[in-house]
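Notes to accompany the following structure.
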Amino acid sequence: MEKIIIVERLKKEFKSFNRSESFVEALKSLVKRDYKVTKAVDDISFSISKGEIVGFLGPNGAGKSTTIKMLSGIVYADSGNIEVLGFNPWKERIKYVGNIGVIFGQKSQLFWDLPPIDAFYMNKEIYNIDKKIFDDTLEYFVRLLDLFEIMKKPTRQLSLGERMKCEFVMSMLHRPKVVFLDEPTIGLDVFAKETIRKFIKDMNKKFGTTFIVTSHDLEDIENLCDRVIIINHGKIVFDDDVSKLVVKDKKYITVKFYEKIDFDKLSKVKEIKILDRISEHSVRLEANVKKIYVDELIKKIRMGKRIEDLEISNPPITEIIKKLYKD
Amino acid sequence: MSNLVTWFKYIRSSFLIRMAYRGEFLISLVSMFALEMVGPLFAYTIYLNSPGFAGWTFYQIILLQGILLFIKGFSYVHFFGIVWNSNISIWRGTLDFIFLKPRNLLLTFIFSSYDVEDNAKMLGGIALIGFALYHIEFTFTKILLMIYLIILGIVLFFAFALLFSAFIIRFIQTWRLYEFLEIILMIAQYPNKIYPQYVSVIFTSIIPLFVAGVFPAEALIGSVVPNVLLMTFSVVFIFSISLYTWFNVLKHYSSAGG
Ligand SMILES: Nc1ncnc2c1ncn2[C@@H]1O[C@H](COP(=O)(O)OP(=O)(O)OP(=O)(O)O)[C@@H](O)[C@H]1O
Ligand SMILES: [Mg+2]
């Protein structure tokens, strides 16, 4: 596949200046200011193909937003290189940004006191969007997101979910080829989240739009993305298919017997760890299945007793991610 | 051309935004207009007792007041909003968005900072100038020189707006810079003769504040305006530096965490 985003050895440091406590310190600081350096993005490289939806994960302060801001030409990198759609975001900003869309879930691009529709028309001028294309696109979005009434109300009267739908329209009316979404579902309820996810998928299918999405909601990532990049302390710690985010050797087992469990005997099974004695009849276990087939393991746990209920699951994605975040 | 259309769209939406609170908007327009018209009358009584204005007539003083008001009003309406907008958008974190528009950064920022309300000042200024000119005799060259100096004054104010905006974006949010502007206007409204020699030299040639007030009026009245060429040079120089500073600061913009 054609690579349309190429990031090479990207770095960004922030200097935060310490506030002076006393007047004398303040005077000194005029000559030499004390500061602390944060390595927000520390030497990351990756590339993304046309039509991908890539998830960007990482704990608070990992450097996700900073990366998005550099990709979209807002913040200059200290070093390293970015090429998106063949453009350098800083050197060719004006030509470049006409081809991308950006949403920051926490900030609004709409006019607070005016209806979203006014802001849409403003973008028509700013992006020089052809009238026919604009009308078609708007109509399509309005139908898809059910915005006919909403977009005529002043923005300040909209609910968060309604506003977020309009933010999407705002940043996609010019039909960008690449879209960066920084926490697009933050604060939304399950229904609004679904709508937004469906919209992203539709755009991806219909127009082949490439997306980078950051989120703290793993459901977003599991639902939307094939590939996920995890960053921590400004470094990439994982970059692969979402399906690879499983630990193959570990299972969670919840089992319920008709008879009482002999916990002493159970704790001697070496492949398992008892997580929770739910009752005298049921127990939750963590099992290492590296060297044993699952059916054999069950036989060992069962010890000839009859099973009423049995559930075997993979470790949830959150757990793997927590582990990646910790390192 | 398409920048012009965009500009009109922004002006339109600024109007619409203010019209969302129609009552408040009208009241503030009317009261601002009234307030700005009372100012010059007060100024006149003060000026009568000021040695700097010996020999000035009532209409000449009204002319001076009109020019001050016009330059201030024009600047506020068209570009001084960027100072206010710098504070607001740093605070809200929305400055990021000007980078996302496929337009010149400064134009986008200026357009989105259009200030409807101060049109009252600008119109007040035009009204005063018109009224004064009706009663003062002048020649074509004199009025040309006046207009030229007013334009220089506006460019100088533009430079100040850029520097203030750059300062706010780079260092710290502050509303204090508006007071600074008022001080500049205050200095500019008295004839340079009343100031000590060195102050007068600084503000006529190095940072020619007087072009934003007393010089255009004197040009029309027929007093000699010193060093127009040097003043032009200084204004262009200050303006270039401001422009460079502003774009440089935006290049180092670090946004905010989030
Ligand atoms: N403008 C700034 N000035 C100083 N430090 C900053 C600035 N922006 C970000 N940082 C710091 O850089 C680091 C990365 O921040 P960033 O906003 O990229 O994190 P994030 O991954 O988006 O986190 P979150 O999930 O909380 O949004 C943090 O330590 C943050 O404090
Ligand atoms: Mg963030």
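A, B, ... follow the sequence lines: proteins, then strands. Residue 1 opens every chain.
Heavy-atom distances place no part of A:N60 under 4.5 Å from chain B, backbone and side chain included. Only the side chain of A:F14 has a heavy atom closer than 4.5 Å to any heavy atom of chain B. Looking at A:S108, only its backbone comes within 4.5 Å of chain B, counting heavy atoms on both sides.
Within 6.0 Å of atom CZ in B:F247, more than 12 heavy atoms from other residues, nucleotides or ligands are found, so the atom counts as buried in its surroundings. Heavy-atom neighbours of B:Q197 CD from other residues, nucleotides or ligands within 6.0 Å: at or below the threshold of 12. No more than 12 heavy atoms of other residues, nucleotides or ligands sit less than 6.0 Å from atom OH of A:Y121. Heavy-atom contacts from other residues, nucleotides or ligands closer than 6.0 Å to CZ of A:F207 number more than 12. In this structure, A:K152 places its NZ atom where more than 12 heavy-atom neighbours from other residues, nucleotides or ligands lie under 6.0 Å away.
With sequence neighbours excluded, the residues forming a side chain to side chain donor-acceptor pair (under 3.5 Å) with B:Y114 are B:N119, listed by chain and number.
Atom OG in B:S255 sits 12.0 Å away from atom CD1 in A:I68 (nearest 0.5 Å).
Sequence neighbours left out, the pairs with a member in residues 162-176 of chain A that pass salt bridge (Lys or Arg N to Asp or Glu O under 4.0 Å) are A:R163-A:E167. Identified under the side chain to side chain donor-acceptor pair (under 3.5 Å) test for residues 93-104 of chain A, with sequence neighbours left out: A:N99-A:K177.
In plain terms, the two heavy atoms of B:R103 and A:N128 that are nearest each other are NH2-ND2, 4.0 Å.
Between B:S254 and A:V75, every side-chain heavy-atom pair lies at or beyond the 4.5 Å cut-off.
Contact annotation for residues 90-101 of chain B against chain A (heavy-atom separation below 4.5 Å, listed by residue number): B:R92, B:G93, B:T94, B:D96, B:F97, B:I98, B:F99, B:L100, B:K101.
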